[in-house]
Every structure is written in C-alpha cells, then in structure tokens.
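A quick write-up on the structure given underneath.
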Amino acid sequence: AVVVGQFTIGGMTCAACVNSVEGILRSLTGVKRAVVALATSLGEVEYDPNVISKDDIVTAIEDAGFEASFVQ
Ligand code: 9UX
C-alpha cells in the first residue's frame with residue numbers, strides 16, 4: 001500500500017535546498033514521490049508505510065540539517 005503524507009519543513013532558504021530535500025527523500029527506499037515547496041514550507045511524500053515510517057522520513061530530513069513535522 002502507498003499513502004500520502006504531508007509535512008511542514010523548516011530551514012529551507014533557497015531553491016537548492018528544495019532540490020536537496022527532494023533528492024534525499026526520493027533516494028529513500030519506500031518513497032515513491034516527493035515534492036517540497038519553498039514558498040509555503042510544505043512537503044508531500046507518497047510512501048509505503050510497510051517499508052518506511054514517518055519517523056524515518058523525518059530523521060532523513062533532519063540529518064540533512066532541516067526540521068520536519070508531519071501534519072498528516
Ligand atoms: Mo541554499 Mo539550502 O545556498 O541548505 S542550498 S540555503
């Protein structure tokens with residue numbers, strides 16, 4: 001099964017941050033799709049919760065120096 005999760009993201013200040021975060025997310029096993037918006041500080045991931053958890057996704061973002069919090 002694949003679900004969609006939405007999260008807020010902090011610490012992104014330029015467009016390259018967006019590419020960086022999207023690249024990290026897309027590299028994670030279990031993540032099918034990832035988009036992040038600089039203007040709204042919102043992100044969306046389509047992922048398989050049997051393969052990767054929200055906590056894993058948050059940790060990957062935070063390891064890169066950003067903050068993330070799922071809203072859904
Ligand atoms: Mo832009 Mo983001 O110079 O980590 S890449 S601030």
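These figures come from a predicted structure and were not determined experimentally. Remember, it's 1-based here, ligands and their atoms both numbered in the order they're listed.
Looking at K32 and E46, no side-chain N of the basic residue comes within less than 4.0 Å of a carboxylate O on the acidic one, giving no salt bridge.
Here the CD1 atom belonging to I24 is positioned 12.0 Å from the CD atom belonging to E62, to the nearest 0.5 angstrom.
Using a 4.0 Å cut-off to heavy atoms of T13, the atoms of ligand 1 that qualify are 6 (S). Listed by atom number, the atoms of ligand 1 under 4.0 Å from A16 heavy atoms are 5 (S).
The protein atom (non-hydrogen) at minimum distance from atom 2 (Mo) of ligand 1 is C17 SG, 1.8 Å. With respect to atom 3 (O) of ligand 1, the closest heavy atom belonging to the protein is C14 SG, 3.3 Å.
Annotation for L38 and C14: closest pair CD2-C, 3.9 Å, computed over non-hydrogen atoms.
Checking T59 against D56 by side-chain atom types alone, no donor-acceptor pair falls below 3.5 Å.
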